[in-house]
Amino acid sequence: MEERFMATMIQCYFIAFGVMIGGSIIGSIGAFLAGDAPFTHINRIAKNLRIWAIVAAIGGTFDAIYNFERGIYEGSTIDLVKQILLIITAMGGAHTALLIIEWIIQEEIQ
């Protein structure tokens with residue numbers, strides 16, 4: 001794999017990680033200001049934010065679909081493999097963030 005793709009994978013991981021951590025913690029500030037339990041809202045926000053963190057990390061869904069289409073119809077399997085690796089990397093970043101959130105709030109996120 002080329003060096004630029006590795007940099008993209010690292011960025012993808014940390015974008016998904018940042019969306020999860022930042023979105024959950026900043027989103028729970030609203031619950032705190034409203035007088036609700038912020039840890040409960042962190043849990044709920046983290047569950048709902050998983051897929052959006054992955055989509056944000058890979059740069060939107062249309063680029064991913066286009067790369068899949070190009071990989072299947074034009075025989076460019078390297079683009080297909082790269083896109084799958086980016087999605088797996090983004091899922092890893094989101095999952096790492098979920099583990100840290102579980103550790104912070106001492107609850108299991110289902």
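All residue numbers in this chain count up from 1 along the given sequence. This one's a predicted model, so the numbers in the text were calculated from it and none came from an experiment.
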For residues [X] and [Y]: do they belong to one hydrophobic cluster (side chain heavy atoms under 4.5 Å, members Ile, Leu, Val, Met, Phe, Trp, Tyr)?
X	Y	value
Trp103	Ile105	yes
Ile84	Met91	yes
Leu80	Ile88	yes
Leu85	Met6	yes
Val19	Ile26	no

Please find the pair of heavy atoms, one from [X] and one from [Y], that lie closest to each other, and give the distance.
X	Y	value
Ile45	Ser28	CD1-N, 3.8 Å
Ala46	Ile101	CB-CD1, 4.0 Å
Cys12	Ala57	O-CB, 3.3 Å
Ala31	Ala37	CB-O, 4.4 Å
Leu49	Ser24	CD2-N, 4.1 Å

Do you know which of Leu98, Ile15, Ile25, Ile54 makes side chain to side chain contact (heavy atoms under 4.5 Å, CB included) with Met20?
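Of all the options given, the one that passes is Leu98.
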My understanding is that only one of Ile78, Ile10, Leu86 makes a side chain to side chain contact (heavy atoms under 4.5 Å, CB included) with Phe5; could you say which?
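Checked Ile78, Ile10, Leu86 against Phe5; only one passes side chain to side chain contact (heavy atoms under 4.5 Å, CB included): Leu86.
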**Prompt:** Do the ring planes of Phe17 and Tyr13 sit parallel (below 30°), tilted (30 to 60°) or perpendicular (above 60°)?
**Reply:**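 Phe17 vs Tyr13 ring planes: parallel.
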Worksheet item: CD1/Ile21 to CZ/Phe14 distance, rounded to the nearest 0.5 angstrom?
Response: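 Ile21 CD1 to Phe14 CZ: 11.5 Å, rounded to 0.5 Å.
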Atom CD1 in Ile42, atom CD1 in Ile29: separation rounded to 0.5 Å?
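Result: 9.0 Å between the selected atoms.
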